[in-house]
Amino acid sequence: MRARISLCLGVFSVMALSNAIVPILAGFGDGTFSQGAIYSAYFFGAFLLVLPSGFFADRIGEIPLVRAGLLLTLLSGLLIAAVPSTPLLIFFRLLEGIGAGLFVPSALSLINARPDHEAGSGTFMAMLNIGLVAGLIGGGWLVEVSGALMSGILLFTASAAIPAVASVFLAPGPGRALPPETVSETLQRLVRVAGDYFWLWFSAVIMLGTTGALTVLYPEFSSLSPGVLGMTVAAMSISTAITVVIVSRIHLPPIPALRVAAVGMAGAVMLVFLTPLSFILVGALAGVVMIAQLAFLATSEARQGVVMGLFNAASYGGMSIMPFIAGFIAEFSSFFLAFLVVACLGLVVAVTVGRGRAAERGWQPGG
């Protein structure tokens with residue numbers, strides 16, 4: 001229980017700090033290009049590290065990577081607050097993303113290898129989404145109240161010190177008790193898992209990337225004010241946080257749950273075209289997807305490092321690829337076609353997600 005609390009506080013701080021830059025982005029750079037570079041550098045750093053982190057979690061254990069990720073989060077937060085020049089901010093955000101890339105797969109590997117993995121992953125993913133909301137809304141509110149541009153950054157940097165200290169007392173996960181394997185064996189397992197569960201990774205790219213695609217499309221598509229748009233995106237994350245806690249405790253069979261969620265997501269995307277209230281439904285369905293995927297992976301492999309690395313790589317990849325695809329279609333065709341293509345990709349997931357090795361285990365409850 002203490003280990004779970006430490007890891008959940010860690011992911012809250014990591015995610016809150018990552019989003020605390022958003023309300024103050026306009027204060028940096030010469031325009032949207034440099035501001036976009038500051039924002040995106042974090043995701044690039046995380047994407048680069050999540051798969052290596054999962055690999056090394058199986059090689060040397062999760063604890064050193066959890067500690068390194070939290071220490072890098074602390075360091076990057078302090079550097080962002082102390083030296084807010086645009087070129088250095090891009091580098092510091094890259095460093096912050098590397099910290100997240102080290103921490104998240106390793107922490108999930110620890111949690112997903114435990115007997116109570118469903119409840120643990122539900123709490124972890126809930127704190128991840130609550131952290132995103134806290135950084136976005138709380139960070140902006142602190143700047144307005146205090147008048148200090150870096151107040152949100154400093155607060156969430158300080159909050160990361162608590163799990164960083166607590167990580168000293170973390171115990172190794174169950175994977176450490178397994179027979180040792182060579183580097184070659186770990187690499188072979190990585191290749192096997194990537195192929196065996198290809199359609200599961202594809203579902204993560206599409207389904208979790210859909211939330212990013214809608215977030216990118218809606219500011220230009222709608223006439224909502226920036227404040228209302230911010231609350232809409234926050235409502236999606238809050239909906240996800242609530243859903244992951246609920247779904248993680250009712251033990252849905254993973255593959256059927258993913259199929260139903262994929263069909264539901266296709267409909268929800270088109271409903272978002274009609275009303276922003278549907279972002280709440282999108283967030284809820286994303287929560288179902290996260291827990292179903294984690295529940296399946298927890299029972300698929302004894303060592304969780306590699307699969308958690310692949311899960312996070314697919315998630316971050318989707319958050320990069322899907323907004324690009326949707327934005328390209330909206331720019332050169334129409335918003336309706338962009339929404340329609342994203343919805344149709346959800347239906348493709350519903351058809352393909354049970355294929356391959358997933359079909360052998362997909363109708364078993366996760367846990």
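When reading the values below, keep in mind they use all heavy atoms of this one structure, side chains included, and skip hydrogens, waters and symmetry mates. Numbers for residues simply follow the sequence, beginning at 1. The structure presented is a predicted model; accordingly, all values stated were derived computationally and were not measured.
- Residues L294 and M125 have side chains in contact (heavy-atom distance under 4.5 Å, counting atoms from C-beta outward).
- The cluster map of Ile, Leu, Val, Met, Phe, Trp and Tyr, joined by side-chain heavy atoms under 4.5 Å apart, puts V83 and F156 in the same cluster.
- In this structure a side-chain-to-backbone donor-acceptor pair under 3.5 Å is missing from N129 to I238.
- Atoms CG and OG1, on L285 and T240 in that order, are 9.0 Å from each other to the nearest 0.5 Å.
- One distance of note links OG1 of T123 with CG of L7; it measures 11.5 Å at 0.5 Å rounding.
- Sorted by first and then second residue, the pairs that involve residues 140-152 and meet side-chain hydrogen bond (donor to acceptor under 3.5 Å, both in side chains), not counting sequence neighbours, are S146-S151.
- Looking at S300, its side chain does come within 3.5 Å of a backbone N or O of L297 through a donor-acceptor pair.
- In terms of modelled atom types and a separation under 3.5 Å, the side chain of T275 and the main chain of S278 share no donor-acceptor contact.
- V342 and F324 sit in two unconnected hydrophobic clusters of ILVMFWY residues. Membership requires side-chain heavy atoms under 4.5 Å apart, directly or through other members.
- A ring pair (Phe, Tyr, Trp, His ring centres under 6.0 Å) check over residues 202-222, counting only residues at least two apart or in different chains, returns the pairs W199-F202, Y218-F221, Y218-F279, F221-F273, F221-F335, F221-F339.
- Under the 3.5 Å distance criterion, the side-chain polar atoms of E96 are matched with a main-chain donor or acceptor of S18.
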Donor-acceptor list for residues 307-317 side chains, cut-off 3.5 Å, not counting sequence neighbours:
residue : atom : partner : partner atom : Å
N312    : ND2  : M308    : O            : 2.8
S315    : OG   : F311    : O            : 2.8

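- Using a 4.0 Å cut-off between a side-chain N of Lys or Arg and a carboxylate O of Asp or Glu, R192 and E301 qualify as a salt bridge.
- Partner V272 forms a side-chain contact (heavy atoms from CB on, under 4.5 Å) with one of T232, V282, L217 and no other, that one being V282.
- Taking every heavy atom of both residues into account, R67 and S167 meet most closely at NE-O, 3.0 Å.
- You'll find the side chain of L94 stays beyond 4.5 Å of the side chain of Y42, heavy atoms only.
- Looking at R303, its side chain never comes within 3.5 Å of a backbone N or O of D58 through a donor-acceptor pair.
- Remark: L136 pairs with N19, V22 by the side chain to side chain contact (heavy atoms under 4.5 Å, CB included) rule, at least two apart or across chains.
- Note that the CZ atom of F55 and the CD1 atom of I60 stand 10.5 Å from one another [nearest 0.5 Å].
- Two residues are said to be in side-chain contact when any heavy atoms from C-beta on lie closer than 4.5 Å; M290 and M207 fail this criterion.
- With contacts defined as side-chain heavy-atom distances shorter than 4.5 Å, the pair L72/L95 qualifies.
- L71 places none of its side-chain heavy atoms less than 4.5 Å from the side chain of L75.
- Separating the CE atom in M265 from the CG atom in L271 is a distance of 12.0 Å, to the nearest 0.5 Å.
- Contact detail for A241 and A126: the closest heavy-atom pair is O-CB, 3.5 Å.
- A donor-acceptor pair under 3.5 Å is formed between the side chain of S239 and the backbone N or O of A284.
- With rounding to the nearest 0.5 Å, the separation of CD in E62 from CG in L110 is 4.0 Å.
- The backbone N or O of N112 sits nowhere less than 3.5 Å from a side-chain atom of E118 that would complete a donor-acceptor pair.
- Two residues are said to be in side-chain contact when any heavy atoms from C-beta on lie closer than 4.5 Å; T210 and L214 meet this criterion.
- Between the side chain of R259 and the backbone N or O of I255, no donor-acceptor pair lies under 3.5 Å.
- Grouped by direct or indirect side-chain proximity (heavy atoms under 4.5 Å, Ile/Leu/Val/Met/Phe/Trp/Tyr only), L78 sits alone.
- The side-chain heavy atoms of M15 and V133, taken from C-beta on, include no pair separated by under 4.5 Å.
- When the side-chain hydrogen bond (donor to acceptor under 3.5 Å, both in side chains) test is applied to S13, the partners found at least two apart in sequence or on another chain are S159.
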Apply ring-ring contact (aromatic ring centres under 6.0 Å, His included) to the pair F43 and F47, showing each step before the final yes or no.
-> CA-CA 6 Å; F43 294 98; F47 178 73; over 10 Å; no
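- A donor-acceptor pair under 3.5 Å is absent between the side-chain atoms of R93 and the main chain of S76, judged by distance alone.
- Looking only at distances, no side-chain donor or acceptor of T243 sits under 3.5 Å from a matching main-chain atom of G287.
- Of the inter-residue distances, the one linking S121 atom OG with L108 atom CG reads 7.5 Å to the nearest 0.5 angstrom.
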Query raised in the report: Given the rule in the side-chain hydrogen bond (donor to acceptor under 3.5 Å, both in side chains) test, do S203 and Q293 qualify, once you have shown the distances and angles that lead to the verdict?
Result: CA-CA 9 Å; S203 74; Q293 289 171 334; 2.8 Å; yes
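- When the side chains of ILVMFWY residues are joined at heavy-atom separations under 4.5 Å, either directly or via intervening members, I130 and L128 end up in a single hydrophobic cluster.
- Under the 4.5 Å side-chain heavy-atom criterion for Ile, Leu, Val, Met, Phe, Trp and Tyr, I242 and I280 are members of distinct hydrophobic clusters.
- A 4.5 Å side-chain heavy-atom check between L88 and S85 finds at least one atom pair inside the cut-off.
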